[in-house]
Amino acid sequence: MRNAFADELTRLGRDDPRLVLLSGDIGNKLFDDFKAVAPQRFFNCGVAEGNMMSVAAGMALSGLRPVVYTITPFTTTRCFEQIRVGACYHHAPVTIVGTGSGLSYAELGPTHHSLEDLAILRTLPGMTVFAPCDEVELRLGLAAALDQDGPLYMRIGKKGEPIIHQIPPVFALGRAITLRPGGDVCLIAAGTVMPEVLAAADDLGRAGLSARVESFHTIKPLDEQRLDEVFRTCAVVAVVEEHGRIGGLAGAVAEWRAGQDGCLARMLSFGTPDEFMHEIGSQKYARRKFGLVADHIARCVLNATRVTT
Amino acid sequence: MALEAMRLAVPDLERLARELRARIIETSSATDTPHLGSCLSCVDILVAAYFHTLRLDTIDPRNPDRDRFILSKGHGAAALFQVLATRGFYPVQLLETYGEDGGLFAEHPPTPDRLAGIEAATGSLGHGLPMGLGMALAGRIQGRAYNVIALLSDGECNEGTIWECAMMAAAQRVQRLCAIVDFNKWQATGRSREVLALDPLADKWRAFGWSVVEADGHDLGALVSLLSRVPDGSGLPVAIVAHTVKGKGVSFMEDDNNWHYRIPKPDEVAAAKRELGVTA
């Protein structure tokens, strides 16, 4: 995913003289092509993320389109106030990219996990929050981010994530993408956990349930029209995210749902619990531990339909 | 091109500084606005910049070639608001709405889209200088020859982002960036050299790779001459450590940190204006 990010950024940077890349002392080789194309528009800002974010805001207020890149905790929680004041209060078009999101860096320990970023960033007025499920959505979202006039947070994985969209979808920020049609239950997800969600839909299909799958790549603004549709047509709506269960996509959906009348569908939330992962393990291990795997999701959804009907 | 520097003569700048001090004190008293000591310590720096050196465009305040001034010590907003009105960004009468519910003039500068002449909404310390660095780098990328001046408080130099920014500006050799420290030796609750080990402040900036000068922050002649020499030919960002007196201009406020939060009573306003030689 990060290779696709670097590639797309280089492609866009070639034609757009407003595009500036700020990196927090990572991805040096990754951005060699960008540096070759736009040497004046690449800045290694060192291990100083607070400054980096404010510098980006100053650039954005001067007509540029800065993209800030480092590992997710350091480009979000580390410099939250700089995002709040510099980017959001000024409604400056800063694109903030967190790489290795969720449990991508499970083996690096909780300092490098990001299971709170969606929750805190979507609290900021005017902030768009975007979590592509694959590199196709990433490329489309990056181009769209540079085309709008406010701050945007983009949460991406690391490398080797499977491609979900075999053909490029119709894309707009804030518009969910239907990956699978279906009428009994709906699985709503954002980000790189999507392969598990699609596999869960397969499992449900084998159990005789027609499972719709929606990529809610934009957590904010939320596609309320699509939510309205799935909550009216499906008996169970399950929200899946590689993020804490507090305040992320499921939190956003629940907030929306609280204001709706006649929302009869049962809602389930799959995410990480209110704890740090103290033991070591791979992303695969961590997903299994927290139930972010196809068989667990399918089983829970199946049970919920039995309770509901 | 309506960009212009006013280049007022030093005696005119001194007269203006006295009048602005009087208006800041009156406004503080009338609207219960604190941070009077912090405002009075930086008036001369603001006057030197806005009425002498900065190339500004009051007709098109967003003129992309204008110099940028960022009040990184956002709690000096009461001084900045008076300066911007007098400089012609908006009518002085607009300041009569100071502190009113639903108004624009809070204790800290609003965002640039709300009030002409403002470059950054500050108030949380340690943000203005890094944003200024971003603006200076943008000027370099876009081939525009404008200067960016950021006014910091000494207390603000507690913030780590100031020093992160200092290192990046030096690494990038951003010679059109100038940090002025309003070094009045106080922060909110104590002597700035005691709260954290701030001294030797000029040496710190020097060690971080900046071209550093120390000056009397109330000597308008010295200030305009230093501001006129940005960039200074060193190829480095410029730091002016301006030695100032908190509450400057009024004997019973000078170097008394109670005036960080205290509001002057009407008789104190009258006494202050007498000392400043301002009758109106």
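Atoms considered below: every heavy atom in the structure, side chains included; atoms not considered: hydrogens, waters and symmetry mates. Naming convention: chains lettered A, B, ... in sequence-line order (proteins, then strands); numbering from 1 in each chain.
When heavy atoms are compared at a cutoff of 4.5 Å, B/E119 approaches chain A solely by way of its backbone atoms N, CA, C and O. Of the atoms belonging to B/M168, it is side-chain heavy atoms, and not backbone ones, that fall under 4.5 Å from chain A. If you measure heavy-atom distances from A/E49 to chain B, the contacts under 4.5 Å come from the backbone alone.
Taking all atoms of both residues into account, the shortest heavy-atom contact from B/T161 to A/Q82 is CG2-NE2, 3.5 Å. Residues A/M59 and B/A138 come closest through the heavy atom pair CA-CB, 4.3 Å. When all heavy atoms of A/V85 and B/A121 are compared, the pair lying nearest together is CG1-O, 4.0 Å. B/T111 approaches A/Y89 most closely through the heavy-atom pair CG2-O, 3.3 Å.
The closest side-chain donor-acceptor pair between B/Q142 and A/S62, if any, does not fall under 3.5 angstrom.
More than 12 heavy atoms of other residues, nucleotides or ligands sit less than 6.0 Å from atom CD of A/Q148. Heavy atoms from other residues, nucleotides or ligands lying under 6.0 Å from CZ of A/R175 number 12 at most. Within 6.0 Å of CD in A/E275 there are more than 12 heavy atoms belonging to other residues, nucleotides or ligands. Residue A/R78 places its CZ atom among 12 or fewer non-hydrogen atoms of other residues, nucleotides or ligands, all under 6.0 Å distant. Heavy atoms of other residues, nucleotides or ligands lying less than 6.0 angstrom from CZ of B/R193 number 12 at most.
Going from atom CG of A/N51 over to atom CG of B/L133 covers 6.0 Å, rounded to the nearest 0.5 Å.
Ranking A/G46, A/A48, A/A56 against chain B, the residue ahead of the rest is A/A48, based on heavy-atom pairs under 4.5 Å.
Residues A/V47 and B/E164 form no side-chain contact, since every pair of their non-hydrogen atoms from C-beta on lies 4.5 Å or further apart. The closest side-chain heavy-atom distance from B/I141 to A/R41 is below 4.5 Å.
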